[in-house]
Amino acid sequence: MLKMDFTCLLASIGIHERSTEVLSRTGGTFLLRGLWFTNMDILGTVDPANVHYIMSANFPNFPKGQELKKIFEVLGDGIFNSDLDLWKNQRKLAREMIIHQRFHKCLVKTNVDKVENGLIPVLEFGAEEGRIVDLQDVFKRFTFDTTCILLTGFDPGCLSLELGDVPFLNAMDDAKDVCFIRHLLPESVWKLQQWLGIGPEKKLSRAVEVLDQVIGKYILMKRDELSNATKSMEDEEGYDLLTSYIVNDGEAKTGLKFDDKFLRDTILNFMFAGRDTVASGLTWFVWLVVTHPEIEKKIREELKAIVSLGEGEKHRLFKAEEVKNAVYLHAALCESLRLYPPVAIQHKTPQEPDILPSGHRVHPNTRVMIPLYAMGRMESIWGHDASEFKPERWISERGTVKHEPSYKFFSFNAGPRTCLGKEVSFTQMKIVAATIIHNYQIEMVKGHEVCPNFSVMLYMKHGFKVRIKRRLKY
C-alpha cells in the first residue's frame with residue numbers, strides 16, 4: 001500500500017495522469033494519508049473486484065453519505081445526493097418516465113429538431129465564414145437546450161449563431177469546479193471559506209443564486225402554463241419531466257413532497273446529468289475520431305451503408321432508428337467513454353469499518369475514490385493496448401457489440417445506481433455524431449492544446465477549437 005502526504009495531491013498539476021501513474025504502480029489501489037488533524041484519508045482504487053464490492057456486493061455499506069451530500073449541497077436532496085427510501089422513490093419515479101414511450105418519442109424529436117435547427121446552422125455558419133469554432137461550447141449549448149426541453153418543456157435557445165453568453169451554463173461550470181475542489185480539501189477549510197465568503201466558495205455562492213433564479217422561473221412558468229390549461233399530459237408534442245411531476249399524483253405514490261424545492265433539486269440534478277455527460281462524451285469522441293483518420297473512415301463507411309444521400313438534399317440528418325444498430329459507431333463511442341469518462345471520479349464513504357477484496361481496510365473517516373479516467377487506462381484491466389483508441393475491442397467475433405461488466409466499464413456507474421439515462425445518452429450521441437461525421441470534415445486548429453480540466457466533469461481545459469468544412473463527396 002502506497003502512502004502519500006495529502007498535500008502532494010493538491011500540488012499535482014495533472015491529477016488525472018498522476019492518478020493513472022500511481023495506480024498502475026501500486027496494483028490498482030493506494031492510500032493518500034491525510035494530515036493528522038484533518039482525520040481524512042483517501043483510498044483510491046480501480047480494482048474491479050473492489051468496485052464490484054463497493055457498488056454491488058456490499059452496496060448498503062457504501063451510501064452517498066452525509067459527507068458527499070455536503071460537498072454537493074448545491075444539488076440539494078436530488079437523486080444523486082440522496083440515499084435509502086428518498087433515493088429509491090426518486091429513482092422509481094424517474095425510471096417510470098424515462099421508459100415511457102412518449103418520453104422516447106419526445107427525446108428523438110427534440111434531438112432531431114435541435115440538430116436541424118440549431119446545430120447544423122451553427123456548423124454551416126462556421127464553414128461558410130471560415131471561423132474557428134469551439135465545438136465543446138457548441139455541444140454544451142446543444143445538450144443544455146435539449147435537456148431543458150425534456151425537463152421543463154421550454155427551449156432556452158442558447159444554441160444560436162450569436163453564441164451569446166449564457167449565465168446559467170457558466171454557473172453550472174463554476175458549481176462543478178468548486179465541488180471538485182471540495183473533494184480535495186478538509187471540510188473545515190472550505191467551510192471557513194464559505195463562512196467568510198471568499199475564494200472558490202464565493203464563486204459557488206454566486207453560481208447557486210443564478211441556478212436558483214433560472215430554475216425557479218421555469219417552475220413558475222410551468223405552473224402558469226398548466227393552470228391556464230395551455231398544456232396537458234395528453235399533448236403529444238411534448239412529455240417533459242416537470243409537467244409529469246406536477247400533474248401526476250406522485251406524492252400519493254411515493255410519499256415525496258412535490259413542492260418547489262423538490263422540483264428545483266430534481267431539475268438541477270438531471271440538468272447536470274443530461275447536459276454534461278453527453279456534451280463531454282461528444283467532445284472527446286469527435287476529437288478522438290478526427291485524430292484517427294482510419295477510424296473516421298470506417299465510421300463513414302458504416303453510415304454510408306446505412307443510408308444513401310437523397311438527391312438535392314443539402315445535409316443528411318440521421319434518425320435514432322437508423323443508427324440504432326450502427327455497431328462500429330457504438331463501439332467507437334464506448335471506447336471514447338472508456339478513455340474519457342464524463343464523470344471523472346466516484347466518491348464513497350463506508351458507514352461501518354470494512355475490508356475490501358484487495359485486503360485494504362476502510363473506515364467511516366476514509367474517502368474511497370474511484371478515478372474513472374485512470375480505470376480506463378489500466379493495462380491490468382484492458383490489456384497492453386489500454387491507452388490506445390481501439391473500437392475493435394468492443395466488437396465480438398460475431399460482429400456484435402461486446403458487453404463489458406459495469407465494474408470494469410464504469411462510465412455509467414454500476415450496481416443499483418447504474419445510470420438510468422444510459423440509452424438516452426447513446427441515442428443523443430449517435431444522432432449528433434453520425435450527422436457531423438457524415439456531413440463535415442472537422443480539423444483541429446494547429447497548436448491547440450488538448451488536456452483534461454480540473455473538475456467533477458471531464459471536459460477539455462481549453463475548449464475544442466476547430467475549423468469546419470463541408471464534405472462534398474459521401
Side-chain angles (χ1 to χ4, degrees), residues 17 20 119 123 126-127 132-133 135-136 138-139 278 280-309 315-318 322-342 373 376-379 381-404 409 411 425-426 428-452 458 460 463-474:
E17 291 77 9
T20 301
L119 182 61
L123 298 178
I132 294 175
V133 176
L135 207 53
Q136 178 169 267
V138 170
F139 288 149
V278 174
S280 167
L282 282 170
T283 300
W284 292 108
F285 171 77
V286 173
W287 171 69
L288 284 168
V289 169
V290 301
T291 53
H292 292 78
E294 71 285 358
I295 292 175
E296 184 179 44
K297 181 180 179 181
K298 290 180 180 179
I299 294 175
R300 283 177 173 160
E301 289 174 350
E302 182 178 57
L303 295 175
K304 188 175 181 180
I306 292 173
V307 295
S308 59
L309 187 68
H315 306 103
R316 185 55 168 87
L317 304 182
F318 287 81
E322 291 177 323
V323 291
K324 181 180 180 180
N325 297 316
V327 173
Y328 198 81
L329 175 61
H330 190 100
L333 283 166
C334 288
E335 182 70 343
S336 175
L337 291 168
R338 176 183 73 86
L339 290 169
Y340 295 95
Y373 181 96
R377 287 166 167 73
M378 292 293 108
E379 292 188 7
I381 300 174
W382 297 100
H384 69 280
D385 57 356
S387 61
E388 296 179 22
F389 179 52
K390 187 177 177 183
E392 286 76 12
R393 78 173 77 242
W394 292 90
I395 302 176
S396 68
E397 294 180 358
R398 296 176 297 167
T400 58
V401 176
K402 187 186 299 182
H403 170 77
E404 292 288 0
F409 178 50
S411 295
S425 298
F426 272 118
Q428 288 182 297
M429 288 190 289
K430 284 181 181 179
I431 291 173
V432 174
T435 300
I436 290 178
I437 293 173
H438 184 77
N439 292 292
Y440 299 98
Q441 187 70 47
I442 306 296
E443 297 178 359
M444 189 166 65
V445 173
K446 289 184 179 179
H448 178 63
E449 182 185 1
V450 173
C451 63
L458 196 69
M460 292 184 179
F464 183 26
K465 305 297 177 64
V466 303
R467 294 188 185 277
I468 303 166
K469 296 180 180 179
R470 296 191 196 95
R471 291 186 64 223
L472 301 179
K473 295 182 180 181
Y474 299 89

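Since this is a predicted model, take the numbers as computed values, not measurements.
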Gln441 side chain near Ile468 side chain, heavy-atom distance below 4.5 Å: no
Only one of Arg316, Lys304, Lys430 clears salt bridge (charged side-chain N to carboxylate O under 4.0 Å, His left out) with Glu322; which? Arg316
Phe318 vs Ile437, test: side-chain contact (heavy atoms from CB on, under 4.5 Å). Steps then yes/no. CA-CA 11 Å; Phe318 287 81; Ile437 293 173; over 6 Å; no
A side-chain contact here means heavy atoms from C-beta on lying under 4.5 Å apart; do Leu282 and Leu135 qualify? no
Taking the six-membered ring for Trp, are Trp394 and Phe409 parallel (under 30°), tilted (30 to 60°) or perpendicular (over 60°)? perpendicular
Evaluate side-chain contact (heavy atoms from CB on, under 4.5 Å) for Asn439 paired with Arg471, printing each intermediate quantity in order. CA-CA 6 Å; Asn439 292 292; Arg471 291 186 64 223; over 6 Å; no
Does Lys402, at its NZ atom, have more than 12 non-hydrogen atoms belonging to other residues, nucleotides or ligands within less than 6.0 Å? yes
Partners meeting side chain to side chain contact (heavy atoms under 4.5 Å, CB included) with Ser336 (sequence neighbours left out): Trp284, Phe285, Leu288, Phe389
Indicate yes or no for a side-chain donor-acceptor contact from Thr291 to the backbone of Trp287 under 3.5 Å, with no hydrogens or angles considered. yes
Provide the closest heavy-atom pair for Gln136 versus Met460 in the form atom of the first, atom of the second, distance. OE1-N, 2.7 Å
Ignoring hydrogens, what is the shortest heavy-atom contact between Gly281 and Pro342? Give both atom names and the distance. N-CG, 4.2 Å
For residues Ile295 and Tyr328, determine if any side-chain heavy atom of one lies less than 4.5 Å from a side-chain heavy atom of the other. yes
Would you please test Ile436 and Phe139 for side-chain contact (heavy atoms from CB on, under 4.5 Å) and show each step? CA-CA 12 Å; Ile436 290 178; Phe139 288 149; 3.6 Å; yes
Testing the basics here: between Glu335 and Glu388, what is the closest heavy-atom pair and its distance to 0.1 Å? OE2-O, 3.0 Å
Taking salt bridge (charged side-chain N to carboxylate O under 4.0 Å, His left out) as the criterion, tell me which of Lys390, Arg377, Arg338 meets it with Asp385. Lys390
From Glu296 atom CD to Glu294 atom CD, the distance as rounded to the nearest 0.5 Å: 9.5 Å
With side chains defined as the heavy atoms from C-beta onward, is the minimum distance between His438 and Ile299 less than 4.5 Å? no
To check you understand the geometry: which heavy-atom pair defines the closest contact between Val327 and Gly399, and what is its length? CG1-O, 3.5 Å
Does the side chain of Arg470 come within less than 4.5 Å of Tyr440's, by heavy atoms? yes
Quick one: does any side-chain atom of Ser411 pair with a main-chain N or O of Pro341 as donor and acceptor, under 3.5 Å? no
For the residue pair Gly126 and Val133, what are the closest heavy atoms and their distance? CA-CG2, 4.1 Å
Is any side-chain N of the basic residue among Glu302 and Lys298 closer than 4.0 Å to the acidic one's carboxylate O? no
Leu339 and Trp382, any side-chain heavy atoms less than 4.5 Å apart: no
Quick check on Glu397: does its CD atom have over 12 non-hydrogen neighbours (other residues, nucleotides or ligands) under 6.0 Å away? no
Scanning both residues in full, the closest heavy-atom pair of Ile431 with Val323 reads N-CG2, 4.4 Å
